[in-house]
A.B. asks: 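Mind having a look at this structure? Questions to follow.
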Amino acid sequence: MDYRALSQLLFPHVTETIAELEARFPERGLKEGAKVTRIAPSPTGFVHFGNLFPALVSERLAHSSDGVFLLRIEDTDSKRKVDGAVELILSSFAYYGMRFDEGALIDEGGFGNYGPYYQSLRAPIYHVFAKSLLEQGLAYPCFCTKEELEAQHAKQEALKLTPGYYGDYAPCRDLTLNEIRANLDAGKSYVLRLRSPGVPGARIRFDDLIKGTLELDENYMDAVLLKSDGIPTYHFAHAVDDHLMRVTHVVRGEEWLSTLPLHIQLFSLLGFKRPKYVHIAHLMKRTPEGGKRKLSKRQDPEATLSFYRKAGYPVEGVREYVMSVLNSNYEDWRRANPDLKLEDFPFSIQKMSASGALFDLDKLDDISKERIARMDAKSVYYELLSWCEENEPDFAARLKADPGYAEAYLSIGRGGEKPRKDFAKFSEMPQAFAFFYDDLFRITDPLPENITADEANRILDAYESAYCESDDAQAWFDRLRKLALTLGYAAKPKDYQMDPAAYRGHVGDLSAVLRLVLTGRRNSPDLYQVMQVLGAARSRARLAKRF
RNA sequence: GGCCCCGUGGUCAAGCGGCUAAGACACCGCCCUUUCACGGCGGAAACGGGAGUUCGAUUCUCCCCGGGGUCACCA
């Protein structure tokens, strides 16, 4: 077989050489140890929460080493392309603080010198390598139809053979030049297959940065390199792109482990230096039956990245949760360094777990509560506002109408050594703060069981006349204690417990009634502070309520 | 089914031949407390099973079991 003639037959227009490509995309000349990483999502219109993991790992590896973090769009599957998908990818990663140094933009190409960053735009590049493989006899056109492949597959299964295109089951492998020409003349479409030099039974060893040394079967399948539309499969594109983009570390999910032998073979056959691989375990989800499985976009709303944004989880909370799963010492570090940025954390591949974590919403909530609790009121105001603008425009309007008032109630219990941890997500706030607005204020909780309506009214009567708006926090509560005594209640719960017969109840019962008419609920942050924020006029108006 | 990955409390996990087997979340109890939210103290809770190597295995090896992944002109 004249391979040169074959390559000319299939790629007559390809004139560029590999050497020219290598020169066009030279070594980056970064400093020693700088890592070049990428994320390479497919524009399917859906961004999985799990995508955040390799993304954050890649981003950290690049940016903590003065390297390059780039975005490549893997749009080689024309059947799966969805309008607006790239915008979604861009906005999703931007929202979670991923800063790309290079890569795809919404329009064609992108920014950077190693593009284009859309695989669909790189066909001429792949074809240079395809032609070279053809010349070396390492690839061949395959004219098998889908039906023929299926029939062959079925036959192999019946014979209990490993299904696939190889050995005796690679009919197009040894087509002559004339046969190929005849097929082409007949207008048959073809794919380009690798002529794998691998043999069944041979083993290869390989080091993964997380999994360690792996021993796998060598690839002996004649995998498809170029699909009939001339666009490469993932495998071929991965080798060519990560080589030419000078990627040093490939971070991806462990589902790629099974095709790793093919990738290793391709890098070797193409004469490329292999990148380091970091295969990370999947995030799992507990099933109702007690088992585990991958978070699934069809069954689990929390599998979609947008879920967290809609729920109002703080960006930093989500990032920290992801980081804490990635490096379990992160939480200890955070406790020791409450004011540093996540970027200051010494992220380490060595600390990554080889096993898959179960998604833990409790943990996310806890971390998010901690983050929100540590924000200042102004930051909370702005983040809450932006969440409301997307999800609750009515409340957003209130926030904007009187930012000072909003900031005042958002300040309650904030700051100091032990800030309140009331909220895991911003979506909980409009409801919680509604009572600060007269038109939203309603009493939703019942009176305490031991307080009748008449008794509540008696307390309110007494309090209304005792209320002094100039009291400070201490004086305010002292006054309430005194009033309790006057009305036959113990000034301290302890006193009541020691001698229940002597009192109608204790000061807590009084504040329960006040809390109810002031906030509409039996539970609330510090009443004195609430009244300060409400202001004397609004407080008095609410205290005028009778049951 | 073949091949591959994984296996310490409910969850995430320290551990890397000798430990009363850390810590965090969740759970329970007590304390603090005008409610709640914090905070403090305490509790229950784990090395999947079996062989081997070794003076000694959570740790090393093998087998089994369990969970997961993958076997496309999808990534």
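The shown structure was predicted, so the numbers you read here are calculated from the model rather than taken from an experiment. Sequence lines set the chain letters: A, B, ... in the order given, protein chains first and strands last, and positions in each chain run from 1.
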A.B. asks: Could you tell me whether the side chain of A:Ser258 has a donor or acceptor atom within less than 3.5 Å of a complementary atom in the base of B:U70?
C.D. replies: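 Answer no: no donor N or O sits under 3.5 Å from an acceptor.
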A.B. asks: Decide whether a cation-pi geometry holds between A:Arg72 and A:Tyr118; the criteria are a distance under 6.0 Å from NZ or CZ to the six-membered ring centre and an angle within 45° of the ring axis.
C.D. replies: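 Not satisfied by the 6.0 Å and 45° rule.
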A.B. asks: May I ask you to verify if any side-chain N or O of A:Lys211 is less than 4.0 angstrom from the OP1 or OP2 atom of B:C4?
C.D. replies: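 Checking B:C4 against A:Lys211, no side-chain N or O comes under 4.0 Å of OP1 or OP2.
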A.B. asks: Is the closest basic N to carboxylate O distance between A:Glu316 and A:Arg371 below 4.0 Å?
C.D. replies: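 Not counted as a salt bridge, because no side-chain N and carboxylate O are separated by less than 4.0 Å.
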A.B. asks: By the 4.0 Å heavy-atom rule, please label A:Pro41 as base, sugar-phosphate, or nothing.
C.D. replies: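 The residue A:Pro41 makes no contact with any strand.
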A.B. asks: Can you tell me the distance, in whole Å, between the CD atom of A:Gln497 and the C1' atom of B:C31?
C.D. replies: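 Rounded to the whole Å, the gap is 13 Å.
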A.B. asks: Base, sugar-phosphate, or nothing for A:Lys421, non-hydrogen atoms under 4.0 angstrom?
C.D. replies: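 Sugar-phosphate, backbone atoms only, no base.
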A.B. asks: Rounded to the Å, how far apart are A:Trp476 CH2 and B:U34 C1'?
C.D. replies: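 My rounded result for the distance is 8 Å.
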A.B. asks: Using a 4.0 Å heavy-atom cut-off across all strands, classify A:Ser353 as base, sugar-phosphate, or nothing.
C.D. replies: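 Result for A:Ser353 = sugar-phosphate.
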A.B. asks: Looking at every strand, decide which applies to A:Phe477 at a 4.0 Å heavy-atom threshold: base, sugar-phosphate, or nothing.
C.D. replies: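 Base: the residue A:Phe477, judged by heavy atoms under 4.0 Å, touches a nucleobase.
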A.B. asks: Can you tell if the side chain of A:Leu534 reaches within under 4.5 Å of the side chain of A:Thr519, non-hydrogen atoms only?
C.D. replies: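 A side-chain contact under 4.5 Å is absent here.
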A.B. asks: Would you kindly check whether a donor in the side chain of A:Arg420 faces an acceptor in the base of B:C36, or vice versa, at under 3.5 angstrom?
C.D. replies: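 Between B:C36 and A:Arg420, which were checked side chain against base, a qualifying N/O pair under 3.5 Å is present.
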